[in-house]
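Bear in mind the structure is a predicted one, so any value in this text is a computation, not a measurement.
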Amino acid sequence: MKYFYIYLGIISIISIIVCLYDKWAAKNRPLKRTRETTLLLLSALGGSVAMLITMLLIRHKTKHPKFMIGIPLIIVVQLVIAFFLFFYK
């Protein structure tokens, strides 16, 4: 379980960095943006809470339904999976 928490910490930090970079690139380097699929993949791999909080704090992609519905949906799916893994070993 210890390694799982380490993994979540690392993927969350990566998600925050990539989100911050994409926000910066949107203003400074529009041709070097991060793909939306990459942002969603990082969320699906465990960085969803960090990604959502970061997007809300820096107001990045908050007008895109793909992110404002998709990431909370990913969080719900992850919570359901965690519930079943925890209670139905």
Side-chain angles (χ1 to χ4, degrees):
M1 198 63 147
K2 173 184 169 184
Y3 294 112
F4 178 70
Y5 293 129
I6 292 170
Y7 168 78
L8 282 181
I10 292 170
I11 197 70
S12 293
I13 290 169
I14 291 170
S15 296
I16 291 167
I17 291 169
V18 171
C19 188
L20 290 171
Y21 170 78
D22 191 50
K23 174 71 172 187
W24 176 82
K27 292 182 178 183
N28 301 303
R29 295 177 130 188
L31 299 177
K32 300 281 186 176
R33 300 281 309 270
T34 304
R35 292 181 177 163
E36 289 184 348
T37 54
T38 303
L39 296 171
L40 291 170
L41 179 63
L42 286 169
S43 295
L45 290 175
S48 54
V49 174
M51 181 76 71
L52 182 62
I53 291 170
T54 304
M55 286 182 169
L56 292 172
L57 287 175
I58 65 172
R59 295 187 183 132
H60 185 55
K61 301 226 181 258
T62 55
K63 294 184 180 181
H64 296 255
K66 181 189 294 187
F67 290 95
M68 292 299 102
I69 294 171
I71 294 178
L73 188 60
I74 290 171
I75 293 170
V76 169
V77 170
Q78 290 171 338
L79 288 172
V80 169
I81 291 170
F83 175 82
F84 280 106
L85 288 175
F86 184 74
F87 288 107
Y88 297 103
K89 291 182 187 181

Indicate, with yes or no, if [Y] and [X] share a hydrophobic cluster defined by side-chain heavy-atom contacts under 4.5 Å among Ile, Leu, Val, Met, Phe, Trp and Tyr.
X     : Y     : value
Met1  : Phe83 : no
Ile71 : Leu56 : yes
Ile53 : Tyr5  : yes
Phe4  : Leu45 : yes
Met68 : Ile16 : no

Check: If you group Ile, Leu, Val, Met, Phe, Trp and Tyr whenever their side-chain heavy atoms sit less than 4.5 Å apart, what else falls in with Tyr21?
Finding: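 Via sub-4.5 Å side-chain contacts, Tyr21 links to Trp24.
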Next item on the list: Considering only Ile, Leu, Val, Met, Phe, Trp and Tyr, and joining two whenever side-chain heavy atoms are under 4.5 Å apart, list the other residues clustered with Ile13.
Entry: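 Result for Ile13 is Ile17.
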Next item on the list: May I have the step-by-step check of side chain to side chain contact (heavy atoms under 4.5 Å, CB included) for Lys66 and Lys61, ending in yes or no?
Entry: CA-CA 9 Å; Lys66 181 189 294 187; Lys61 301 226 181 258; over 6 Å; no
Note to self: Run the side chain to side chain donor-acceptor pair (under 3.5 Å) test against Ser43 and tell me which residues pass, sequence neighbours left out.
What the structure shows: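 Expected list: none.
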Next item on the list: Not counting sequence neighbours, which residues clear side chain to side chain donor-acceptor pair (under 3.5 Å) with Lys32? List them please.
Entry: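 Lys32 satisfies side chain to side chain donor-acceptor pair (under 3.5 Å) with no residue once adjacent residues are dropped.
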Next item on the list: Sort and list the pairs that fulfil ring-ring contact (aromatic ring centres under 6.0 Å, His included) and have at least one residue in residues 34-80, not counting sequence neighbours.
Entry: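 For residues 34-80: none.
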Next item on the list: Any pair with a residue in residues 67-87 that passes salt bridge (charged side-chain N to carboxylate O under 4.0 Å, His left out), sequence neighbours left out, goes on the list, sorted by first then second residue, please.
Entry: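 Residue pairs with at least one partner in residues 67-87: there are none.
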Next item on the list: Sorted by first residue and then second, give each salt bridge (charged side-chain N to carboxylate O under 4.0 Å, His left out) pair with at least one member in residues 71-86; sequence neighbours left out.
Entry: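 Residue pairs passing salt bridge (charged side-chain N to carboxylate O under 4.0 Å, His left out), neighbours aside: none found.
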Residues in side chain to side chain contact (heavy atoms under 4.5 Å, CB included) contact with [X], at least two apart in sequence or another chain:
X     : value
Val18 : Ile14, Thr34, Leu39, Leu42
Ile81 : Val77, Leu85
Leu79 : Ile75
Ile6  : Lys2, Tyr3, Ile10

Can you name the closest pair of heavy atoms from [X] and [Y] and give their distance?
X     : Y     : result
Thr54 : Cys19 : CG2-SG, 3.8 Å
Gln78 : Ser48 : OE1-OG, 2.5 Å
Gly47 : Ile11 : N-CG2, 3.8 Å

[atom1]-[atom2] distance between [X] and [Y], expressed to the nearest 0.5 angstrom:
X     : Y     : atom1 : atom2 : answer
Lys27 : Asp22 : NZ    : CG    : 12.0 Å
Leu52 : Ile74 : CG    : CD1   : 10.0 Å
Asn28 : Lys23 : CG    : NZ    : 11.0 Å

Check: Is any side-chain heavy atom of Met51 less than 4.5 Å from a side-chain heavy atom of Leu40?
Finding: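 When only atoms from C-beta onward are counted, Leu40 and Met51 do not touch, as no gap falls below 4.5 Å.
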Check: With sequence neighbours left out, which residue pairs that include part of residues 9-19 fulfil the side chain to side chain donor-acceptor pair (under 3.5 Å) condition?
Finding: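 Pairs touching residues 9-19 that pass the test: none.
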